[in-house]
Student: 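My structure is below; once you've seen it, I'll send some questions.
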Amino acid sequence: MCGIVGYIGVKPVKKILIDGLRELEYRGYDSAGIAILQEGHFSLFKAVGKLINLEEKAKNYESSGFSVGIGHTRWATHGKPTELNAHPHLGQNSYVVHNGIIENYQELKTMLVGHGIHFLSQTDTEVIVHLFEYLLKSAATPFDAFKQTLAQIKGAYAILLVNADAEGTIFFAKHGSPMIIGRNHDNETFFGSSDAALIGKCHEVIYLEDGHYGYASSGAIALFDEQNREVALRFTALSENKLSAQKEGYRFFMEKEIYEQSTVLSDTLMGRLRDESIYFEELETTLFDGINEIKLCACGTSYHAALVASYLFERHSKIRTSVEIASEFRYREPFLTPDTLFVVISQSGETADTLESLKMAKKFGLKTMVICNVDNSSMVRLADASILTRAGIEKGVASTKAFATQVCVLWMLSLYLAGERKTLSSSDIQHQITLLRSLPATVSVDDAIHEQLRRLSKRYLHGHGFFFIGRDVFYPLALEGALKLKEISYLHAEGYPSGEMKHGPIALADPELFTIALLPQHMLYDKTKSNIEELSARDSTICSISPLDFDKADDHICTKNAEDYMLEFFEMMVVLQLLSMEIAIRLGNDVDMPRNLAKSVTVE
Ligand code: M6R
């Protein structure tokens with residue numbers, strides 16, 4: 001997703017900004033830009049695509065002496081990836097870069113346009129710089145105008161703004177998106193949306209908190225909180241090791257990615273939720289014309305997301321839905337009809353079996369779509385339509401945040417389709433949208449539960465295997481829980497629908513068989529409970545995950561009293577991810593790079 005850098009000092013500013021952006025490349029982006037203010041004169045460079053294009057555009061620019069600069073890599077949310085939509089956005093005399101979303105930008109834009117202000121881009125960000133300049137006309141100082149701007153914008157943001165009347169100064173603010181200020185012994189000041197951009201340049205940093213804003217100029221930083229009180233500057237030392245700094249204090253990338261799910265889900269939802277409908281800017285309105293069936297196709301974790309979707313599409317959108325494992329689909333001479341939308345799901349967009357299945361569907365003349373995390377990947381380039389999941393780069397081989405964002409997109413898509421096909425009332429869709437809005441909070445890791453899982457993990461290191469069981473969407477979640485555990489702990493684990501146990505698998509039940517039972521309050525609670533009791537009666541060791549106490553369990557992980565089964569789904573997903581990670585850590589395994597596995601499987 002988007003990245004921000006900023007610099008105040010005397011070194012070659014262009015290089016510092018572009019080097020900083022390069023450190024944020026791993027987050028993914030589709031355009032980039034920098035704005036530099038030197039001796040009262042602004043220079044602006046923007047380019048679509050990779051940073052090399054930006055370097056080419058700025059190749060003749062040289063600076064000497066003191067300057068101020070801001071830079072940005074953009075992953076398109078509002079408006080296509082074009083130069084006009086790339087940051088920094090400009091007013092008459094000011095430039096801004098922004099991560100996040102300005103929720104009330106439409107109403108502010110209408111007001112500003114009414115005052116004769118001309119907008120160049122389709123972004124929400126541009127409203128910030130025009131609002132600032134509009135308020136500057138009556139404000140005592142540029143900083144006052146900046147404060148008034150913050151008071152009027154709503155949403156999530158990390159902002160850097162420079163104005164020619166306040167030369168040598170960067171105004172900054174953070175609310176819901178990360179922002180870090182760093183400094184070094186050479187009297188230079190740096191900004192970054194992740195400390196990855198600051199390593200090797202600063203020896204100490206301040207991690208801004210929500211509501212923090214202020215200004216920085218050569219050697220001086222003024223920081224204020226939400227109540228406009230000046231805040232003492234608390235610097236912490238910055239690690240010099242790039243890899244460990246990118247892990248931001250977490251033991252493994254997988255752990256960081258589990259903790260990041262709250263933020264990335266906000267990104268996934270961004271701009272896609274309206275009051276009573278779902279909006280996908282990237283979809284043509286005619287996409288579903290003539291479509292009576294959906295066929296989902298994927299591998300591994302993405303296949304599990306597809307299975308979840310099959311429940312949601314039939315339940316919400318009342319459309320026939322089937323799910324295919326890509327490596328099977330390719331060779332089984334499938335019967336395909338032209339009223340089928342063929343949807344592939346892939347984190348990487350490069351998985352060979354899924355890519356070949358997509359090619360096959362195209363050859364049959366089907367309409368195709370991909371749900372993917374990597375823009376410009378082979379599948380995104382090939383499919384007729386694509387929806388990006390916006391999880392940011394996932395480094396852990398065991399997929400976590402990619403799965404969370406896939407399920408989130410598929411849930412939204414089921415509602416989008418329900419709206420098109422009028423299979424849910426607008427009040428039902430509205431209710432589902434309220435649930436979607438609470439996803440970021442739902443997946444935020446509960447410290448007490450993480451600690452409980454850390455302690456519990458020592459009891460689940462041996463035995464002859466694990467059953468993960470659940471019903472409805474909790475069945476694919478059980479499959480995903482088992483896959484996670486297998487991948488990183490190398491222990492044998494299987495996922496089953498809980499009603500299926502008595503048809504054979506229960507023969508394995510004994511105290512050395514660990515059952516991880518997903519027992520949501522709002523989905524077939526009594527049915528699942530009976531299935532778990534059957535296993536408990538045969539002495540399997542039971543670990544139940546449920547908001548309701550369960551006296552037949554040996555261990556119980558108590559989840560929140562969520563109001564809907566989909567929120568229970570997401571909370572239990574986090575529990576399963578943490579459980580497998582803690583078991584694997586105790587076993588001394590390399591959680592991020594488990595044996596025999598590759599992140600992107602480009603061979604069949
Ligand atoms: O990039 P894709 O989503 O197409 O990858 C599919 C599988 O290879 C992938 O999900 C794999 O199962 C992960 N290692 C799961 O953690």
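Residue indices begin at 1 and follow the sequence shown. In each ligand, atom 1 is the first atom listed, and ligand 1 is the first ligand listed. Remember, it's a predicted structure, so these values are computed and weren't measured experimentally.
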Student: Of the protein's non-hydrogen atoms, which lies at the shortest distance from atom 14 (N) of ligand 1, and what is that distance?
Tutor: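 Ranked first by proximity to atom 14 (N) of ligand 1 is Glu487 OE2, 2.6 Å.
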Student: Could you tell me if the ring centre of Phe569 sits under 6.0 Å from that of Tyr311?
Tutor: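 No, the ring of Phe569 stays outside the 6.0 Å limit from the ring of Tyr311, centre to centre.
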Student: Of the listed options (Ser302, Ser348, Gly349, Ser399), which comes nearest to atom 3 (O) of ligand 1 when hydrogens are ignored and any heavy atom counts?
Tutor: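 Residue with the shortest heavy-atom distance to the ligand atom: Ser302.
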Student: How far is atom 5 (O) of ligand 1 from its nearest protein heavy atom, and which residue and atom is that?
Tutor: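 Here the nearest protein heavy atom works out to Thr351 OG1, 3.4 Å.
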Student: Starting from atom 6 (C) of ligand 1, locate the nearest protein heavy atom and write down its residue, its atom name and how far away it is, to 0.1 Å.
Tutor: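 Protein heavy atom with the smallest distance to atom 6 (C) of ligand 1: Cys299 O, 3.4 Å.
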Student: Are the charged groups of Lys401 and Asp267 less than 4.0 angstrom apart, N to O?
Tutor: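 Salt bridge flag = no for Asp267 with Lys401.
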Student: For Gln406 and ligand 1, does the shortest N/O to N/O distance drop below 3.5 Å?
Tutor: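 No, since none of the N or O atoms of Gln406 sits under 3.5 Å from an N or O of ligand 1.
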Student: With atoms numbered from 1 as shown, which atoms in ligand 1 lie under 4.0 angstrom from a non-hydrogen atom of Ala398?
Tutor: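 Checking each atom against Ala398, I get 16 (O).
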Student: Give a yes or no on whether a salt bridge exists between Arg330 and Asp353, defined as a side-chain N under 4.0 angstrom from a carboxylate O.
Tutor: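 Between Asp353 and Arg330 there is a salt bridge, with a charged N closer than 4.0 Å to a carboxylate O.
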Student: Mark the output for Leu597 as yes if a heavy-atom distance to ligand 1 is under 4.0 Å, and as no if none is.
Tutor: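 Not so, Leu597 does not reach ligand 1.
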Student: So does Lys80 pair up with Asp30, basic N to acidic O under 4.0 Å?
Tutor: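 No.
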Student: Would you check if Tyr460 and Leu485 make a side-chain contact, meaning some heavy-atom pair closer than 4.5 Å?
Tutor: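 Side chain of Tyr460 against side chain of Leu485, heavy atoms only: no contact under 4.5 Å found.
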Student: Just say parallel, tilted or perpendicular for the rings of His450 and Tyr259, cut-offs at 30° and 60°.
Tutor: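 The arrangement is tilted - the two ring planes meet at 30° to 60°.
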Student: Any atoms of ligand 1 less than 4.0 Å from a non-hydrogen atom of Lys484? List them with their elements.
Tutor: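 Under 4.0 Å from Lys484, ligand 1 has these atoms: 15 (C), 16 (O).
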Student: So, does Glu350 sit close enough to ligand 1 that a heavy atom of it is under 4.0 Å from the ligand?
Tutor: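 Under 4.0 Å: no for Glu350.
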Student: Do me a favour and list the nearest non-hydrogen protein atom to atom 8 (O) of ligand 1 with residue, atom name and distance?
Tutor: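 Here the closest protein heavy atom is Val601 CG2, 3.9 Å.
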Student: Please report the C-alpha distance between Gln406 and Ser302 in whole Å, then the side-chain angles of each, then the deciding distance to 0.1 Å, and finally whether the side chain to side chain donor-acceptor pair (under 3.5 Å) criterion is met.
Tutor: CA-CA 8 Å; Gln406 285 169 344; Ser302 300; 3.0 Å; yes
Student: Could you identify the single nearest non-hydrogen protein atom to atom 9 (C) of ligand 1 and state the distance to 0.1 Å?
Tutor: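 The closest one turns out to be Thr301 N, 4.0 Å.
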